[in-house]
Amino acid sequence: MTERIVILGGGIFGPATGKSELLGVLLEDGRISAVAKDIVVDGAREIDAKGLIVAPGFVDLHTHLREPGLEYKEDIASGTRAAARGGFTTVCAMPNTEPAMDNASIVEHVRREADARAAVRVLPIGAVSKGRKGTDLAEMGDLAAAGCVAFSDDGAPVYDATLMRRALEYANGLGLAIIDHCEDPSLAHDAVMHEGWVSTRLGLRGAPSAAEGAAVARDIALAEATGAHVHIAHVSTRGAIEAIRAGKARGVRVTAEVTPHHLTLTDELVAFGAHGGWDLMYDTNAKVNPPLRSADDVEACVAGLADGTIDCIATDHAPHAVIEKLCEFDDAAFGISGLETAFGLCMRLVHEQKISLETLIERLTIGPVRALGLDRFAPGIGTLDVGAPADFVLLDPDAEWVVDAASFASKGKNTPIDGVALKGAVVATYVGGVRVDRAEVLVG
Ligand code: NCD
């Protein structure tokens, strides 16, 4: 029997119109079958969305699910539950697993496990090089045939320019992008934070912004030379954004993402913590790659997101075990567990009137889908179009809540904003018309 669900009373946000309107949405058998003003359907189950925004489910191009091999940090079940709580209905899984996702059998394993245990859609990203070592190309054709939606050695840059050139050429033939973690290791080696006055005062080794800018400039030159598509992961510096803006203006096939933390937090967090006290000095939860940058870089990230130079927001959800953060700053792992705080953190930009709610939702939904052409793999995601899968979120832009890392669905409790009040919450997340989050995520 056809299951029919009707969502009533919400402000429906369709990125196609870019506007929020009061409409009803009818879902039938896990797909959207109508979006219209006066929907009345006898016998349909009703979802009351009064006072809420109904938007397409968010799509994350950059999630570390850690499976296979690093399940002590995260696994497909816990990571996708965290995604669901954060409003993400599709996540792209990064290949820095153990072993690396550099061959078809690992991709098949991840897809099979995701089919069995994931709360949201999982799209795998294959490694560029064997073992992510940066020396020999992975079997990119096999990876594409196994269902990879892009290639990346994320966690490490593709340092060798000739290898990157070849990777771009192969990826282009396969119709896929290379996602590069842009960092020149000869400039950034051994760095544990951003190079600036904070690193000097703390006595920590810093990575200059130029380490990112130089790598982005090289990638743009290679994308231009090959005609291939390069996607810049977690962009964080003004110089990189200016290079991307100029590249796009010349017609280079370059797209980019930015994380919620690089849009809202600075390197001062390493010195002062989120609550401005001594107890969180040298907060290892603020240690992330690329590092939290200067206020000027944050401003450039926001401007780049607003004007479309940066195509989308991606979390770079990087969960780690407690012992990997409860140690000296030098020894701590890089990464922030970001899926569950992404929307609330980004809503700061909306409340501070730096970007509109429409832009924010666009950059979390259809923005990432367009950036990598994900519609080919999961038609209709990122939209509320008729015929699309019923992947949607109910959002309360004004709900106030306090981040409580201990209650995260993610195994990674590593966030530098634990205890911080946020305004803007994901109330419920549905995949294929089925609710996949749990409401207790909201505290206070
Ligand atoms: C990422 C991780 O832990 O996988 N960490 C991070 O700080 N972003 C990988 C990486 O990009 O270094």
Side-chain angles (χ1 to χ4, degrees), residues 60-76 78-79 82 91-102 110 124-125 127-128 131-134 150-159 178-185 188-194 204 206-207 211-212 215-216 231-237 240 256-263 265 267 269-270 283-293 301 313-325 327 329-339 341-342 410-417:
D60 190 13
L61 298 187
H62 196 138
T63 307
H64 296 280
L65 291 178
R66 306 296 195 207
E67 201 175 330
L70 301 167
E71 291 85 351
Y72 72 97
K73 296 175 192 262
E74 190 77 290
D75 60 42
I76 288 172
S78 61
V91 296
C92 296
M94 277 293 175
N96 60 338
T97 49
E98 196 54 58
M101 201 152 35
D102 66 357
V110 167
I125 294 171
V128 171
R132 295 174 49 255
K133 290 195 167 58
F151 303 100
S152 181
D153 274 357
D154 186 62
V158 182
Y159 184 43
I178 301 284
I179 303 175
D180 201 18
H181 167 126
C182 287
E183 179 184 28
D184 183 331
H189 62 96
D190 283 350
V192 292
M193 69 172 297
H194 172 66
L204 293 174
E212 178 171 295
V216 169
H231 178 82
I232 310 298
H234 42 48
V235 66
S236 68
T237 61
E257 64 186 38
V258 62
T259 71
H261 44 274
H262 290 112
L263 286 167
L265 308 175
D267 57 346
L269 212 70
V270 179
D283 183 7
T284 55
N285 285 320
K287 181 176 174 183
V288 62
N289 211 3
L292 299 178
R293 302 281 188 186
C301 286
I313 295 168
T315 66
D316 191 9
H317 175 73
H320 292 291
V322 174
I323 48 158
E324 294 170 312
K325 287 291 194 178
C327 56
F329 203 90
D330 268 358
D331 296 336
F334 289 93
I336 291 176
S337 180
L339 283 167
T341 54
S410 171
K411 291 184 191 176
K413 314 299 178 193
N414 47 303
T415 173
I417 55 165

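Start at 1 and go down the list; that is how both ligands and their atoms are numbered. Just so you know, these numbers come straight off a predicted model, no measurement behind them.
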message = Between Glu98 and Arg66, does any NZ, NE, NH1 or NH2 come within less than 4.0 Å of an OD or OE carboxylate oxygen?
response =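 Salt bridge: no.
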Approximate separation, where rounding is to 0.5 Å, of Asp75 CG and Leu65 CG =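 With rounding to 0.5 Å, CG (Asp75) is 8.5 Å from CG (Leu65).
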ask   = Contact residues of ligand 1 with a heavy-atom cut-off of under 4.0 Å?
value =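 Residue list for ligand 1: His64, Arg66, Asn96, Asp154, Gly155, His181, His234, Val288, Asn289, Asp316, Ala318, His320, Phe334, Gly335.
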message = Parallel, tilted or perpendicular: which one describes the rings of His181 and His234, with boundaries at 30° and 60°?
response = perpendicular
key: Asp180 versus His231, side-chain donor and acceptor atoms under 3.5 Å   =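 No.
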ask   = Do Thr97 and Glu67 get their side chains close enough for a donor-acceptor pair, meaning under 3.5 Å?
value = no
query = Quick one: does NZ or CZ of Lys411 land under 6.0 Å from the six-membered ring centre of Tyr72, within 45 degrees of the ring axis?
reply =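 Negative - Lys411 is either too far from the ring of Tyr72 or too far off its axis.
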